[in-house]
There are 2 protein chains.
Amino acid sequence: MERLENNTVYIGKKPMMTYVLAVVSQFNVGSENVIIKARGKSISRAVDVAEIVRNRYVTQAQVREIRIGTERLPEEDGTSTNVSSIEIFLSK
Amino acid sequence: MERLENNTVYIGKKPMMTYVLAVVSQFNVGSENVIIKARGKSISRAVDVAEIVRNRYVTQAQVREIRIGTERLPEEDGTSTNVSSIEIFLSK
């Protein structure tokens, strides 16, 4: 599975449409696959982004695969916490 | 795919461990498949629940499939809003 970094959109705390447009732009410049990644509370927004792209902007895009996982994040005090992650693979 | 309702755990606003234990209990009474469902902001917690179950309690459980979708929710004023949903299919 192709995983070029420029095909990946990381979901953060910007307005939702920022990420929707980033995904749509990737498809518009010719990418056939776009990966939407998020961690923690941004996971819900990643699903929103995928659904909005698919339902409104790139209607031929399909969810090819969804992976979930756990990442260990280092804290400033030297400890670490686990955070869930998601990767949504869209293809058209 | 078997989809008996008693195999399904709906993620809401209770403490996380409530849902983790609900999933673990389903496996312990003999279910081979448990479906974790959530909508909107609870989607992130659904992923957390799946990951905690898999990493700490039912280590032979695997994520068999993940589906995302959009549901139309009626509002009190007669309008409706779209909300994203997730279904995580765990099997052991």
Side-chain angles (χ1 to χ4, degrees), chain A residues 1 8-20 23-24 33-73 80-92, chain B residues 1 8-20 23-24 33-73 80-92:
Chain A
M1 187 170 294
T8 302
V9 174
Y10 292 91
I11 306 300
K13 299 186 185 306
K14 292 180 188 168
M16 179 91 74
M17 287 309 290
T18 306
Y19 305 109
V20 170
V23 175
V24 172
N33 307 293
V34 178
I35 308 170
I36 301 169
K37 289 191 184 187
R39 291 194 292 210
K41 290 192 189 304
S42 298
I43 287 174
S44 307
R45 288 160 60 75
V47 174
D48 289 339
V49 169
E51 286 294 298
I52 291 170
V53 168
R54 229 161 45 96
N55 291 332
R56 294 194 211 157
Y57 295 96
V58 189
T59 50
Q60 72 272 42
Q62 297 189 322
V63 177
R64 192 171 47 169
E65 189 182 349
I66 301 174
R67 295 181 193 163
I68 60 174
T70 302
E71 295 182 14
R72 183 169 285 272
L73 285 188
S80 64
T81 44
N82 288 334
V83 64
S84 299
S85 63
I86 196 167
E87 294 173 296
I88 303 171
F89 295 76
L90 291 182
S91 299
K92 75 164 185 180
Chain B
M1 185 171 294
T8 302
V9 174
Y10 292 91
I11 306 300
K13 298 186 185 307
K14 293 180 188 167
M16 177 92 71
M17 286 310 289
T18 306
Y19 305 109
V20 170
V23 175
V24 172
N33 306 295
V34 179
I35 307 169
I36 301 169
K37 288 191 185 188
R39 290 194 294 210
K41 290 192 189 303
S42 298
I43 288 174
S44 306
R45 287 159 60 77
V47 174
D48 289 339
V49 168
E51 285 296 297
I52 292 170
V53 168
R54 229 161 46 94
N55 290 332
R56 296 194 209 157
Y57 295 97
V58 189
T59 49
Q60 73 272 41
Q62 296 189 322
V63 177
R64 194 171 45 167
E65 190 181 348
I66 301 174
R67 295 182 193 162
I68 60 174
T70 302
E71 295 181 14
R72 185 170 285 272
L73 285 188
S80 64
T81 44
N82 288 333
V83 62
S84 299
S85 63
I86 195 167
E87 295 174 295
I88 303 172
F89 294 76
L90 291 182
S91 299
K92 74 167 185 178

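So you know, we letter chains A, B, ... as the sequences are listed, proteins then strands, and number each from 1.
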Quick check on [X] against chain B: is it the side chain, the backbone, both or neither that has a heavy atom closer than 4.5 Å?
{"X": "A/Arg39", "result": "neither"}
{"X": "A/Val63", "result": "side chain"}
{"X": "A/Ala46", "result": "neither"}

Exercise for the section: Go through the atoms of B/Ala38 and report whether side chain, backbone, both or neither lie under 4.5 Å from a heavy atom of chain A. Expected result: neither
Practice task
Identify which part of B/Arg54 has an atom lying under 4.5 Å from any heavy atom of chain A, answering side chain, backbone, both or neither.
Solution key: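 Side chain only.
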Problem - Between B/Ser42, B/Ser85, B/Gly69, the one whose heavy-atom pairs under 4.5 Å with chain A are most numerous - result: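 Max contact count across the listed options: B/Gly69.
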Exercise for the section: Quick one: pull up CD1 in A/Ile86 and CD1 in B/Ile86 and give me the separation to the nearest 0.5 Å. Expected result: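 The CD1 atom of A/Ile86 sits 4.5 Å away from the CD1 atom of B/Ile86.
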Problem - Atom NZ of B/Lys41: over 12 foreign heavy atoms under 6.0 Å - result: no
Problem - Atom CD of B/Gln62: over 12 foreign heavy atoms under 6.0 Å - result: no
Exercise for the section: State whether the side chain of A/Glu51 and the backbone N or O of B/Ser84 hold a donor-acceptor pair below 3.5 Å, judged by distance alone. Expected result: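 Flag not set: sc A/Glu51 to bb B/Ser84 has no pair under 3.5 Å.
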Practice task
Work out which heavy atom in A/Ser44 is nearest to a heavy atom in B/Gly40; give both atom names and the distance.
Solution key: OG-O, 3.4 Å
Problem - chain B contacts, top residue of A/Ile66, A/Asp48, A/Asn55 (heavy-atom pairs, under 4.5 Å) - result: A/Ile66
